[in-house]
Protein chains: 2
Amino acid sequence: MRRDVFQAIADPTRRAIIALIALQAMTPNALAEHFDTSRQAVSKHIKILTECELVRQEQSGREIYYHFNPTKMKEIDQWLEKFRALWEDRFSQLDNVLLNLKNK
Amino acid sequence: MRRDVFQAIADPTRRAIIALIALQAMTPNALAEHFDTSRQAVSKHIKILTECELVRQEQSGREIYYHFNPTKMKEIDQWLEKFRALWEDRFSQLDNVLLNLKNK
DNA sequence: TATTTGCGCAACCAATTAGTTGCATTTATA
DNA sequence: TATAAATGCAACTAATTGGTTGCGCAAATA
């Protein structure tokens with residue numbers, strides 16, 4: 001089973017879960033209240049997020065608080081890094097590239 | 001059919017395609033030579049990348065050159081932006097947060 | 001102690017995905 | 001002009017995905 005951050009953030013519900021727990025650690029039940037799906041469906045998403053280490057769990061009695069693990073997000077940032085230059089320099093280099101294409 | 005950048009970059013083959021054409025525009029046949037799959041499979045990936053505007057095409061006779069569109073990658077960068085502070089400040093703010101959790 | 005609550009796990013299901021093969025179309029070439 | 005090459009499209013298939021329901025277990029509560 002492939003389980004990497006890119007596959008994990010592909011699902012909009014999982015991105016929403018990340019956004020929620022980034023503000024505050026939450027239990028599966030608390031999270032499920034924010035969505036139209038069942039708690040089990042949310043738990044499945046959490047499982048995927050946990051397996052790729054975007055989320056950590058903290059047991060507290062019978063409740064489990066899920067925390068966001070920002071460190072893992074750096075992997076995405078590092079991948080983007082390779083391309084960042086291409087859009088940040090677009091007003092100098094890239095515009096010339098586009099002009100060249102147009103004039104072909 | 002959901003077609004957004006996050007779903008597009010979820011597939012490792014598509015990320016590899018992006019990495020290749022970011023360096024140089026390529027035709028489907030040229031791209032397919034870099035992978036173990038058929039040209040049609042690669043074309044399907046290109047179609048998905050085109051639909052979410054990560055890739056632009058430039059017809060040249062019977063060949064089609066696929067170009068990388070870095071602008072669209074900014075959407076991912078903007079989404080990451082919300083969380084960037086969480087890992088960049090982790091040696092100041094976040095460590096305190098973690099200490100608080102431990103002492104609960 | 002009996003009951004409720006919070007949770008994970010397993011089985012199942014429909015939709016989607018990533019791949020295949022076969023075919024039609026257009027452009028280049030012999 | 002006949003043939004080869006480059007590509008897209010359609011049909012089909014196996015695997016994966018996101019969801020459901022039902023269950024069991026441990027912790028909180030009446």
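Here is how names work: the chains are called A, B, and so on, in the same order as the sequence lines, proteins then strands, and each is numbered from 1.
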(request) Look at the side-chain N and O atoms of A:His45 and state whether any lies under 4.0 Å from the OP1 or OP2 oxygen of D:dG19. (result) yes
(message) Under the rule for salt bridge (Lys or Arg N to Asp or Glu O under 4.0 Å), what residues qualify as partners of A:Lys47, not counting sequence neighbours?
(response) A:Glu51
(message) Of the options D:dT7, C:dG8, C:dG19, whose atoms approach the side-chain atoms of A:Ser43 most closely?
(response) C:dG8
(message) In this structure, would B:Leu31 and B:Ile48 fall into the same cluster of hydrophobic residues linked by side-chain contacts under 4.5 Å?
(response) no
(request) Only counting residues at least two apart or in another chain, list the ones meeting salt bridge (Lys or Arg N to Asp or Glu O under 4.0 Å) with B:Glu63. (result) none
(request) For B:Tyr65, report the nucleic acid contact type (base, sugar-phosphate, nothing); a contact means any heavy atom under 4.0 Å. (result) nothing
(request) Whole angstrom is fine here: how far is it from NZ in A:Lys47 over to P in C:dA10? (result) 8 Å
(request) Let me know the distance between CZ of B:Phe35 and P of C:dA18, rounded to the nearest Å. (result) 14 Å
(message) Can you confirm whether A:Gln59 is buried at CD, in the sense that more than 12 heavy atoms of other residues, nucleotides or ligands lie under 6.0 Å from that atom?
(response) yes
(request) Write down the distance between CG (B:Asp11) and P (D:dT16), rounded to a whole number of angstrom. (result) 13 Å
(request) Please state how far atom CD in A:Glu51 lies from atom C1' in C:dC9, giving the value in whole angstrom units. (result) 13 Å
(request) Measure from the side-chain heavy atoms of B:Tyr66 and tell me the nearest of C:dC9, D:dT7, C:dT17. (result) D:dT7
(message) A side-chain contact here means heavy atoms from C-beta on lying under 4.5 Å apart; do A:Arg3 and A:Glu53 qualify?
(response) no
What nitrogen or oxygen pairs link the protein and nucleotides 10-13 of chain D at under 3.5 Å?
none

(request) Please check if any side-chain donor atom of B:His67 sits under 3.5 Å from a side-chain acceptor atom of B:Arg56, or the reverse. (result) no
(message) When you measure from the side-chain N and O atoms of B:Arg39 to the phosphate of C:dT20, is any distance below 4.0 Å, counting only OP1 and OP2?
(response) no
(message) Is there a side-chain contact between B:Phe83 and A:Pro70 in this structure, where contact means two heavy atoms from C-beta onward sitting under 4.5 Å apart?
(response) no
(message) If you count every heavy atom of other residues, nucleotides or ligands that lies below 6.0 Å from B:Tyr65 atom OH, does the total exceed 12?
(response) no
(message) If the condition is side-chain contact (heavy atoms from CB on, under 4.5 Å), which residues does A:Ile76 pass it with, not counting sequence neighbours?
(response) A:Val5, A:Phe6, A:Ile9, A:Met73, B:Ile76, B:Leu80
(message) So does B:Ala8 get a backbone contact from the side chain of B:Arg14, meaning a donor-acceptor N/O pair under 3.5 Å?
(response) yes
(message) I need the CZ-P distance between A:Phe6 and C:dA18, as an integer number of Å.
(response) 15 Å
(request) Do nucleotides 25-30 of chain C as a string where each nucleotide becomes B, S or -: B if the base has a protein heavy atom under 4.0 Å, S if just the sugar-phosphate does, - if no protein is that close. (result) --BS--
(request) Return the residues of residues 17-31 of chain B meeting this criterion: a heavy atom under 4.0 Å from some atom of DNA chain D. Order them by number, or give none. (result) B:Thr27, B:Pro28, B:Asn29
(message) Any non-hydrogen side-chain atom of A:Phe35 less than 4.5 Å from a side-chain atom of A:Leu20?
(response) yes
(message) How many whole angstroms separate atom CD of A:Gln7 from atom P of D:dA15?
(response) 18 Å
(message) Rounded to whole Å, please give me the gap between CD1 in A:Ile46 and P in C:dG6.
(response) 14 Å
(request) Flag the pair A:Asp77 / B:Trp87 as yes when at least one side-chain heavy-atom distance between them is below 4.5 Å, and no otherwise. (result) yes
